[in-house]
Amino acid sequence: MEIEAPFGIANRLGECPVWDPRSARLWWVDIEGRAVWRGDPSTGESERFMREGRPAAVALTTHPDLVLVAAEGELAWLRDGAFASWIGLEEIEGNRLNDGRVSPDGLLWVGSMHEDTSRGIRSGSLYRVTPDGTRSTVRTDIGVTNGLAFSPDGTWMYFADTFDDRIERYPYTSGELGPPELFADTAGLDGRPDGGCVDEDGGFWMAAVHGGRLYRFDPLGRVERAIELPVLRPTRPTFGGSGLATLFVTSIGARPGAPGAPSGLDGHTLALDVGRSGIAEPLFAPTRGTIL
C-alpha cells in the first residue's frame with residue numbers, strides 16, 4: 001500500500017484533521033507546536049496559524065472563511081489568520097481540551113484531559129456546545145477524551161477514553177445521549193485508542209497510538225482490517241480528497257531519547273487509499289451575534 005506524506009511537515013503533536021470540500025483543504029492542529037494548519041494535498045502547500053495556547057481541534061462552520069478552534073480551555077474563532085476568543089469551557093488546573101467533532105445536527109462535542117497522562121488523572125469532561133454558545137457538561141471522570149465520531153445515519157456517537165482501552169457508543173437523538181454500550185474492546189490490540197472516524201459503510205477507523213497501526217471495525221465492532229503505518233504514534237484519521245476517498249492520518253513527532261519510526265515520518269500527516277470513502281463533516285452554524 002502506498003502511503004504518502006503530502007505536506008512534508010513534522011509536527012510535535014499532530015491531531016484532529018478535518019477536510020473542507022469547499023476549499024479542497026485539510027485542516028489539522030499541532031498541539032504542542034501551538035499551531036493550526038491548513039494544507040492543499042494536491043500541491044503540498046500549507047499555511048500555519050500560530051496561537052498562544054495549545055489548539056486541540058478544529059470545527060468547520062457554515063461560513064467558508066471561518067473555523068472554530070478548541071484551544072487550552074476555550075473555544076475561539078479563526079478568520080483571516082486572526083483568532084478571537086468566544087467562550088470558556090475548561091478551568092481545571094493542568095487540564096486542556098483534546099478531541100472534538102460536530103454532530104450531524106450541528107452541535108459541537110469536545111472533551112478534555114489532564115496534560116500529564118503519566119499520572120493517570122481522570123479530570124477530563126465531555127462538553128456539548130450549541131450554536132448560540134450554550135455549554136453543557138455531559139460526562140466527567142475522563143482520562144483522555146478521544147474517538148469522537150458519529151455513524152452515517154446519525155444514530156450513534158462513538159467515544160473512547162484512551163485510559164480504558166475500549167471504544168463505546170451512545171444512542172444519539174437530537175443532542176441527547178442514551179446509555180453507553182461497549183462497541184469494541186481494544187486491550188488485545190497493538191496500541192491504544194486515539195482519534196477515530198467513520199466511513200460511508202458504517203465502519204469505524206481507529207488510530208492506535210503507540211501501536212503504529214490503523215484499525216477498521218465493522219458496524220458490529222469486530223476488527224475487519226489492520227494497517228501498519230510508517231509512524232509509531234498515529235493520532236486521528238479522517239476522510240478527504242476527491243470523493244472523500246483518501247484517508248488522512250495525523251501523528252505525534254519523534255521524541256528526544258526515544259526510538260523513532262525507521263521511515264522518519266513521525267509527526268507527519270499521512271495520506272493513503274484504503275478502498276473506502278468517508279462522509280462529509282457536518283458544519284457548525286453560529287447564530288447571529290456570536291461571531292466576534
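FYI, side chains are in, hydrogens and waters are out, and symmetry mates aren't considered; it's all heavy atoms of this structure. By convention here, the first residue in the shown sequence is residue 1.
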- prompt: If we ignore angles and hydrogens, is there a donor and acceptor under 3.5 Å between the side chains of T235 and D194?
  reply: no

- request: Indicate whether the side chain of R139 and that of Y170 have a donor and an acceptor atom separated by less than 3.5 Å.
  value: yes

query: Quick one: do the W37 and D30 side chains pair a donor with an acceptor below 3.5 Å?
result: no

message: Is the distance from the ring center of Y158 to that of F183 below 6.0 Å?
response: yes

task: Walk me through it: do R79 and D65 pass the test salt bridge (charged side-chain N to carboxylate O under 4.0 Å, His left out)?
output: CA-CA 6 Å; R79 171 182 271 162; D65 63 340; 3.2 Å; yes

message: Is a donor from one side chain sitting under 3.5 angstrom from an acceptor on the other, for T162 and N146?
response: yes

- prompt: Between W109 and F150, is a side-chain contact (heavy atoms from CB on, under 4.5 Å) present by the stated rule, with each step listed?
  reply: CA-CA 11 Å; W109 295 79; F150 293 85; 3.7 Å; yes

query: Parallel, tilted or perpendicular for F204 and F217, by the 30°/60° rule?
result: tilted

- prompt: When the ring planes of F284 and W77 are compared, do they come out parallel, tilted or perpendicular, using 30° and 60° as the limits?
  reply: tilted

message: Under a 3.5 Å cutoff, is there a donor and acceptor pairing between the side chains of E90 and Y127?
response: yes

- request: Please check if any side-chain donor atom of N11 sits under 3.5 Å from a side-chain acceptor atom of W28, or the reverse.
  value: yes

query: Got a salt bridge between E168 and R166, using NZ or NE/NH1/NH2 to carboxylate O under 4.0 Å?
result: yes

